[in-house]
Amino acid sequence: MDKIAGLDEAAELFKVLGNESRLALVWLLSRERLTVSVLAEQAGLSQPLVSQHLRTLRQAGLVSSEREGKEIRYALADQHVAHVVLDAIAHVQEPNDQGNEQ
């Protein structure tokens, strides 16, 4: 079988997104550019933990940052990752085959 192009990279993407806190940060950033302090407040996480997760997301090329005066605002690098996360959330909220809600 021929190797599917991009499969390794897609698997790495899912590894990075395989954390509830990072999913929450991506969800928050899908709506607007935010600072670490706002992300921490809205996600209910400590600022050091948010910074650690943002570093992981940046290293994966999923998040970018831009300095505005004394603040650094974070944003999604592109909307593809937002679609992946939002589609996954929508999927798990759909009724399953037995008609039971998740």
For residues 17-26, please give each side-chain donor-acceptor pair under 3.5 Å, one per line with the distance, not counting sequence neighbours.
unit_1 : atom_1 : unit_2 : atom_2 : d
Asn19  : OD1    : Ser21  : N      : 2.9
Asn19  : OD1    : Arg22  : N      : 3.0
Arg22  : NE     : Val16  : O      : 2.7
Arg22  : NH1    : His53  : ND1    : 3.1
Arg22  : NH2    : Val16  : O      : 3.4

Return the [atom1] to [atom2] distance between [X] and [Y], rounded to the nearest 0.5 Å.
{"X": "Leu57", "Y": "Leu29", "atom1": "CG", "atom2": "CG", "result": "8.0 Å"}
{"X": "Leu28", "Y": "Leu76", "atom1": "CG", "atom2": "CG", "result": "10.0 Å"}
{"X": "Gln59", "Y": "Leu62", "atom1": "CD", "atom2": "CG", "result": "11.0 Å"}

Are any non-hydrogen side-chain atoms of Ser65 and Arg58 less than 4.5 angstrom apart?
-> yes
Please table the atom pairs, donor to acceptor, closer than 3.5 Å between any side-chain atom in residues 66-74 and protein atoms at least two apart or in another chain.
unit_1 : atom_1 : unit_2 : atom_2 : d
Glu68  : OE1    : Arg73  : NE     : 3.0
Glu68  : OE2    : Arg33  : NH1    : 3.2
Glu68  : OE2    : Arg33  : NH2    : 2.4
Glu71  : OE1    : Arg73  : NH2    : 3.3

Validation: residues 78-86 side-chain donor-acceptor distances under 3.5 Å, sequence neighbours left out:
unit_1 : atom_1 : unit_2 : atom_2 : d
Asp78  : OD1    : His80  : N      : 2.9
Asp78  : OD1    : His80  : ND1    : 3.3

When clusters are formed by joining ILVMFWY residues with side-chain heavy atoms under 4.5 Å apart, either directly or through shared neighbours, do Phe14 and Ile89 land in the same one?
-> yes
